Colleague: 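Structure incoming, see below.
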Amino acid sequence: QEQLVESGGGLVQAGGSLRLSCAASGFRFSMYAMGWFRQAPGKERDFVAAITWNGDTTYYSDSVKGRFTISRDNDKNTVTLQMNNLKPEDTADYYCAARFSATTRYTEQSYFTEYQYDYWGQGTQVTVSS
């Protein structure tokens, strides 16, 4: 059974850092692009970052560019989101998602859309205090 499990969320002060991890199982991780999305209370779920199946290309929303870094380890079936210089507006539930890719090169814009992803984790909560 396909599974994504996020970890690493918590409470941090503004300006601090957190490192989110997502462990994948039940599918061939190296054939999937991976993404992170987030949902703040009362808001829609938004794209945060994505990485191609082989890790050679990454994409970020404008709101996190320069502060967040996505990476993956295909040997360990994990994807990581390093979040630095956190702001109160980063407070949200963060979700890991997998998109079947193999070697297909998708458009950048397509990574921003939820319905392009096949599997989702349960989320991990991040709270940034001011």
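Computed from a predicted structure; not experimentally measured. For reference, positions follow the sequence shown, starting with 1.
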Colleague: Any side-chain donor-acceptor pair under 3.5 Å between Arg72 and Thr52?
Modeller: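 There is no such pair (donor and acceptor under 3.5 Å, judged by atom type) between the side chains of Arg72 and Thr52.
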
Colleague: Nearest heavy-atom pair of Gly123 and Glu6: which atoms, and what distance?
Modeller: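 Minimum heavy-atom contact is N-OE1, 2.9 Å.
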
Colleague: Distance check, rounded to the nearest 0.5 Å: Cys96 atom SG versus Leu20 atom CG?
Modeller: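 Rounded to the nearest 0.5 Å, the SG-CG separation comes out at 9.5 Å.
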
Colleague: Do the ring planes of Phe47 and Phe37 sit parallel (below 30°), tilted (30 to 60°) or perpendicular (above 60°)?
Modeller: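 Geometry flag for Phe37 against Phe47: perpendicular rings.
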
Colleague: Measuring from atom OG1 of Thr58 to atom CE of Met34, what distance do you get when rounded to the nearest 0.5 angstrom?
Modeller: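 With rounding to 0.5 Å, OG1 (Thr58) is 14.5 Å from CE (Met34).
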
Colleague: So, Thr78 versus Asp73: side-chain donor-acceptor pair below 3.5 Å or not?
Modeller: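 No, Asp73 and Thr78 have no side-chain donor paired with an acceptor closer than 3.5 Å.
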
Colleague: Once the angle between the rings of Tyr94 and Phe68 is folded into 0 to 90°, is it parallel (under 30°), tilted (30 to 60°) or perpendicular (over 60°)?
Modeller: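 Plane angle between 30° and 60°, so tilted.
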
Colleague: Measuring from atom CD1 of Ile51 to atom CG of Asp56, what distance do you get when rounded to the nearest 0.5 angstrom?
Modeller: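 Those atoms lie 8.5 Å apart.
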
Colleague: Around atom NZ of Lys43, are there more than 12 heavy atoms of other residues, nucleotides or ligands at under 6.0 Å?
Modeller: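 Count not over threshold, so no.
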
Colleague: Take the angle between the ring planes of Tyr111 and Tyr106 and call it parallel below 30°, perpendicular above 60°, tilted in between.
Modeller: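 Perpendicular.
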
Colleague: Charged N to carboxylate O under 4.0 angstrom, Asp90 versus Arg67?
Modeller: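 Here Asp90 pairs with Arg67 in a salt bridge, since their nearest N and O are under 4.0 Å apart.
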
Colleague: Quick check: are there more than 12 heavy atoms from other residues, nucleotides or ligands sitting under 6.0 Å from CD of Gln122?
Modeller: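 Incorrect, the count does not exceed 12.
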
